[in-house]
4 protein chains.
Amino acid sequence: MAGVNKVILVGNLGRDPEVRHLEGGASVATFSLATSESYTDRDGNRQTQTEWHNIVMWRGLATIAERYLKKGSKIYLEGKLTTRSYEKDGITRYATEVVARDMVMLDNRPEGQVGNNAYAPPTAADAPSQAQAASPAPAAAAATPDLSAAEGSNDDLPF
Amino acid sequence: MAGVNKVILVGNLGRDPEVRHLEGGASVATFSLATSESYTDRDGNRQTQTEWHNIVMWRGLATIAERYLKKGSKIYLEGKLTTRSYEKDGITRYATEVVARDMVMLDNRPEGQVGNNAYAPPTAADAPSQAQAASPAPAAAAATPDLSAAEGSNDDLPF
Amino acid sequence: MAGVNKVILVGNLGRDPEVRHLEGGASVATFSLATSESYTDRDGNRQTQTEWHNIVMWRGLATIAERYLKKGSKIYLEGKLTTRSYEKDGITRYATEVVARDMVMLDNRPEGQVGNNAYAPPTAADAPSQAQAASPAPAAAAATPDLSAAEGSNDDLPF
Amino acid sequence: MAGVNKVILVGNLGRDPEVRHLEGGASVATFSLATSESYTDRDGNRQTQTEWHNIVMWRGLATIAERYLKKGSKIYLEGKLTTRSYEKDGITRYATEVVARDMVMLDNRPEGQVGNNAYAPPTAADAPSQAQAASPAPAAAAATPDLSAAEGSNDDLPF
DNA sequence: TTTT
DNA sequence: TTTT
């Protein structure tokens with residue numbers, strides 16, 4: 001019965017994370033992550049293929065995402081694949097997401113950097129560069145909080 | 001730019017693989033794989049949560065899937081996440097699949113088993129229990145062959 | 001500074017686990033795990049190459065190992081690489097071990113099996129087939145308990 | 001029989017890679033990689049624990065290591081665990097190494113960087129940031145070339 | 001020392 | 001739709 005459901009990604013955020021603070025106190029961050037791979041096609045041309053992944057981070061990870069991740073941030077992420085179904089225009093659709101369990105920020109921390117721009121990685125000493133989902137075992141339970149219910153809306157999907 | 005896009009699953013096939021032999025000689029196997037995890041909920045009850053994954057195997061892996069995998073087979077699988085878009089009823093939909101790169105069969109090979117049933121794992125000595133995608137680097141290219149195009153049909157989606 | 005240190009193995013135990021119950025109440029299980037891969041050499045002959053890994057399981061995982069794992073058991077294991085140094089015959093030596101974090105038992109549970117032998121996988125309904133290290137975040141701390149100190153002996157190494 | 005032997009690391013090189021060009025034309029790069037993890041101990045103090053890993057890269061990967069990796073470089077690495085035995089001072093010793101199969105360079109490529117120092121990541125456009133071991137399936141065979149034999153010396157160990 |  |  002027991003199985004393994006593991007996803008490992010290294011890529012860059014396509015946008016700033018969207019963070020929602022739910023009623024129960026939990027928070028969720030969602031964003032898209034691009035993983036690119038290069039290969040040489042039959043004609044010898046260099047090609048890049050990019051996949052976009054829908055990422056969901058809960059609680060502690062969401063807080064860290066909110067504080068430290070931005071459009072362009074490069075991260076290592078470990079999580080699990082989940083598929084939700086939802087209704088839209090009377091049609092059942094499916095959304096596959098990666099629910100994160102561990103995250104490591106991979107941007108270099110520029111020493112002596114001055115100024116501030118959209119791509120600036122954390123410079124503060126209090127920035128953790130590694131983080132885990134609060135509840136380890138109940139990775140299943142972690143996915144339980146119903147986003148749409150908590151927000152009393154059903155046209156408000158993460159992806 | 002370079003990234004990592006890796007999926008690791010251990011689970012059971014929900015059905016026998018569907019295998020198609022394309023015009024160019026390539027073959028594709030598709031099937032659903034269930035990964036189950038157990039946890040104890042707040043009331044102390046044992047719960048099982050199952051995720052279903054759409055798996056795609058190309059060429060050599062497809063051939064092995066056709067020969068040795070069946071409904072119920074337990075496998076270890078490594079691959080990458082890919083999302084395709086397709087039209088259905090005039091609506092764009094998305095299908096997320098795991099394109100396999102490596103596979104290991106985990107069913108015990110019953111010694112001296114007699115008879116034959118749907119769950120019988122391979123007993124023949126020629127059954128490889130480990131296999132890889134034919135083309136290593138072009139994992140990207142491996143995903144290129146367009147299934148619907150190759151079959152001249154567009155209502156014929158794997159999932 | 002933050003990094004990733006992850007090992008994923010699927011293999012068979014070479015011997016029954018050795019389990020020690022330390023003074024503080026913690027327990028440790030150690031055993032060797034074989035991972036085999038097959039390949040065809042230049043002469044077209046089928047070759048098998050086996051690697052042996054020193055596995056360490058703490059606390060909850062140790063208890064499960066003690067109860068359910070035996071010589072021959074097939075498992076999926078996730079953990080991290082650690083290297084210890086120790087003195088032997090006045091010489092500093094190094095031992096590299098994999099400290100487990102998650103484990104899934106992969107042996108088929110034979111239905112209706114009668115009798116009992118060394119290879120029998122658990123048939124009891126209370127056998128968990130999936131388990132995690134008790135303390136999630138402190139994977140580092142989990143490795144802290146000093147085995148030799150706890151046992152007041154220094155010639156008593158796990159491997 | 002078939003198993004899985006996989007190591008995934010994200011860390012920094014402790015020194016420049018040592019590269020050797022063997023007689024047969026193959027090359028090998030060896031270096032140490034540090035993976036650090038932070039955790040809070042019982043007294044609430046922030047602690048960092050670092051593990052050092054012996055990395056071996058063959059052929060194509062060795063060439064890339066030689067060109068682009070330096071002391072301090074941050075990389076993602078995927079490989080397999082191998083243990084060699086060797087004699088030293090009449091004593092059999094064991095060395096556990098990670099033979100790389102895939103590598104991704106994680107250093108930011110500084111735009112407009114001037115000058116050159118030991119930590120400078122590749123700035124050239126021709127620097128691949130992702131690379132694979134040349135021979136995919138024969139990961140086993142890849143490890144075959146005997147370093148000491150090839151160099152006609154036995155006191156010349158990578159680690 | 002495992003497994004096939 | 002799997003597995004226990």
(message) Quiz question: going by heavy-atom distance under 3.5 Å, is there a donor-acceptor pair between the base of dT2(E) and the side chain of T50(C)?
(response)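 For T50(C), whose side chain was compared with the base of dT2(E), there is a donor-acceptor pair (under 3.5 Å).
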(message) So, using salt bridge (Lys or Arg N to Asp or Glu O under 4.0 Å) as the criterion, who are the partners of E66(B) when residues are at least two apart?
(response)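 Salt bridge (Lys or Arg N to Asp or Glu O under 4.0 Å) list for E66(B), sorted by chain: empty.
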(message) Using the salt bridge (Lys or Arg N to Asp or Glu O under 4.0 Å) criterion, which residues pair with E51(D)? Sequence neighbours excluded.
(response)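 Expected list: none.
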Length of the [atom1]-[atom2] vector between [X] and [N], whole Å:
X       : N      : atom1 : atom2 : answer
H53(C)  : dT2(E) : NE2   : C1'   : 11 Å
L9(C)   : dT1(E) : CG    : C1'   : 16 Å
L69(B)  : dT1(F) : CG    : P     : 20 Å
I55(B)  : dT1(F) : CD1   : P     : 18 Å
E18(B)  : dT2(F) : CD    : C1'   : 16 Å
I75(B)  : dT1(F) : CD1   : C1'   : 14 Å
Y76(C)  : dT2(E) : OH    : P     : 25 Å
D107(C) : dT2(E) : CG    : C1'   : 11 Å

(request) Please answer whether dT1(E) and W52(C) are stacked, defined here as ring centres separated by less than 5.5 Å and planes angled under 30°. (result)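 Yes, W52(C) stacks on the base of dT1(E), since the ring centres sit under 5.5 Å apart and the planes are within 30°.
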(request) In plain terms, say whether R84(D) and E97(D) are close enough for a salt bridge, that is, a side-chain N and a carboxylate O under 4.0 Å apart. (result)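 Counted as a salt bridge, because a side-chain N and a carboxylate O are separated by less than 4.0 Å.
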(message) Closer than 4.0 angstrom, basic N to acidic O: yes or no for R101(B) and D102(D)?
(response)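 Judged by the 4.0 Å cut-off on N to carboxylate O distance, R101(B) and D102(D) do form a salt bridge.
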(message) Closest approach to the side chain of A34(C), judged atom by atom: which nucleotide of dT2(F), dT1(E), dT2(E) is it?
(response)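 Among dT2(F), dT1(E), dT2(E), the one nearest the side chain of A34(C) is dT2(E).
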